[in-house]
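Heavy atoms only: backbone and side chains are in, while hydrogens, waters and symmetry mates are out. Chain naming here is simple, since letters A, B, ... match the order of the sequence lines and numbering starts at 1 in each. Given the structure is predicted, the values throughout are model-derived calculations rather than measurements.
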Protein chains: 2
Amino acid sequence: MIDASRPGPSRAAGAASPLFLRDAEVRRGIELLYFGYASMIRGADRILAERGLGRAHHRALYFIARRPGLAVSDLLRLLAITKQSLSRVLADLVRHGLVESRVGEEDRRQRRLRLTEEGAELEAELFEALRERVAGAYAQAGQEAVSGFWAVLTGLIPPQDRALVLSLDRDPRGRRESAGG
Amino acid sequence: MIDASRPGPSRAAGAASPLFLRDAEVRRGIELLYFGYASMIRGADRILAERGLGRAHHRALYFIARRPGLAVSDLLRLLAITKQSLSRVLADLVRHGLVESRVGEEDRRQRRLRLTEEGAELEAELFEALRERVAGAYAQAGQEAVSGFWAVLTGLIPPQDRALVLSLDRDPRGRRESAGG
DNA sequence: CAATATAGGTCAATATGATTGACGCATCTC
DNA sequence: GAGATGCGTCAATCATATTGACCTATATTG
């Protein structure tokens, strides 16, 4: 009977692969990722519930805060959901006065999204809930561990998607919204 | 106006906190965790969709594979969902012939869960999809990075939940189901 | 200018995964 | 026997997502 510690298909049991590639280590990674992610966002969930919002709203708020002035299509790419799903979420956020959309100056088909002052306040509160946990874990684990943490996670993202994720880190003031224009 | 690179509330801008605790580093962690987790499970989602199953079914299968013979209440604790939600998922899995539940030998109120042969095959296929990605990321990042990855994620989990997660690693053959009995 | 492509919004119908709170039954423990 | 526990189930509801078609406004290209 197959059990959880079986060798994977197409791999011999005690083969040459390093210790940290064995099933037990892989399962450990899967589980820590699952529970770690869930733990990280638990606090934010509580804040959202008070306002009648959900995780979908949080994700949109987060990325709009991160890249002010981004277009709807950018957000669709980041969230990897359908237009219809996003559309409801954005409508909620606009109705709550947390997000506003302006016609793009260069391309008037686009709707550039940004947080209102109230939206920025909520996003800050949500971010603070995540920051507490993440900064705590960083401090506990140490800087070198953090580098390893980033390295493994980056490796999990397929190369063709990596640029999109890493691009969030560049140009953090969303200069594009006012640059050339 | 508040933007994404603002200093957090109650912290001075260029204060003494180490570089890796700044907002930029925290945001990087949040984003890598989000996209890394999503990337990891994407492959499994495809396999599940072929069978008309969803992520909820996968999570249940995973933990049943990991701790064969676990009770419904154990699974509830791990998944942190309500009895009603789990009950539908488990009913689906039993109906598909992937999971079977037997009355507990020691405590006949319990239902001990285990995978059928077909369930074990599906779980192995799903695990393989995750394993590929995780082992690839481990290999790319190196053993030391993997330790850091674990350390940070462990730190994200609140101490009172940590034991539960780490307990998955012990007694991996699910000995309890046949030991003493 | 005409044709086509793109950005975005919206329609209707549907699926999945989750919730709350109550209730019943079998079984275990005291 | 009383009470606690493990489990299953009821009904109603919510949040998040899907597909595919269709529309408008605007941009691009021949």
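Distance CD (A:Glu106) to P (D:dA25): 22 Å, rounded to an integer number of Å. B:Leu76 places its CG atom 13 Å from the P atom of D:dT9, with the value rounded to the nearest Å. Atom-to-atom, CD of A:Glu105 to C1' of D:dA27 comes out at 17 Å; the value is rounded to the nearest Å. Distance, B:Leu75 CG to C:dA18 P: 11 Å, rounded to whole Å. Here the P atom of nucleotide D:dT16 and the CD1 atom of A:Ile41 are 11 Å apart, to the nearest Å. Per the geometry, CZ belonging to A:Arg102 stands 18 Å off P belonging to D:dT26, to the nearest Å. Following rounding to the nearest Å, A:Asp45 (CG) and C:dA18 (P) show an atom-to-atom distance of 13 Å.
In this structure, A:Asp45 does not pair ionically with A:Arg42, as no charged nitrogen and carboxylate oxygen lie closer than 4.0 Å. The pair A:Glu25-A:Arg28 does not count as a salt bridge, with every side-chain nitrogen at least 4.0 angstrom from each carboxylate oxygen. One finds a salt bridge joining B:Glu128 and B:Arg131 here, because a Lys/Arg side-chain nitrogen approaches an Asp/Glu carboxylate oxygen to under 4.0 Å. For the pair A:Arg66 and A:Asp169, the salt-bridge criterion is met [side-chain N within less than 4.0 Å of a carboxylate O]. Contact check on B:Arg95 versus B:Glu100 returns no salt bridge, with no Lys/Arg side-chain nitrogen under 4.0 Å from an Asp/Glu carboxylate oxygen.
Two residues are said to be in side-chain contact when any heavy atoms from C-beta on lie closer than 4.5 Å; A:Asp74 and A:Arg67 fail this criterion. Taking the side chain as every heavy atom from C-beta outward, A:Phe127 and B:Val26 approach each other to under 4.5 Å. Contact annotation: the side chain of B:Phe149 approaches that of B:Tyr138 to within less than 4.5 Å [non-hydrogen atoms, C-beta and beyond].
Using a 4.0 Å cutoff on non-hydrogen atoms, the parts of residues 49-64 of chain B near DNA chain C are B:Gly54, B:Arg55, B:Ala56, B:His57, B:Arg59, ordered by number. Non-hydrogen atoms lying under 4.0 Å from DNA chain C are contributed by B:Thr82, B:Gln84, B:Ser85, B:Arg88, all within residues 82-100 of chain B.
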Name the pairs: protein N/O against N/O of nucleotides 2-6 of chain D, kept only if under 3.5 Å.
unit_1 : atom_1 : unit_2   : atom_2 : d
D:dT5  : O2     : B:Arg109 : NH1    : 2.8

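Relative to the six-membered ring of B:Tyr62, A:Arg27 meets both conditions, a distance below 6.0 Å and an angle of at most 45° to the axis.
Counting only N and O atoms by type, the side chains of B:Gln160 and B:Arg162 include no donor and acceptor under 3.5 Å apart.
The aromatic rings of A:Tyr37 and B:Tyr37 sit parallel, their planes meeting at an angle under 30°, below the 60° perpendicular limit.
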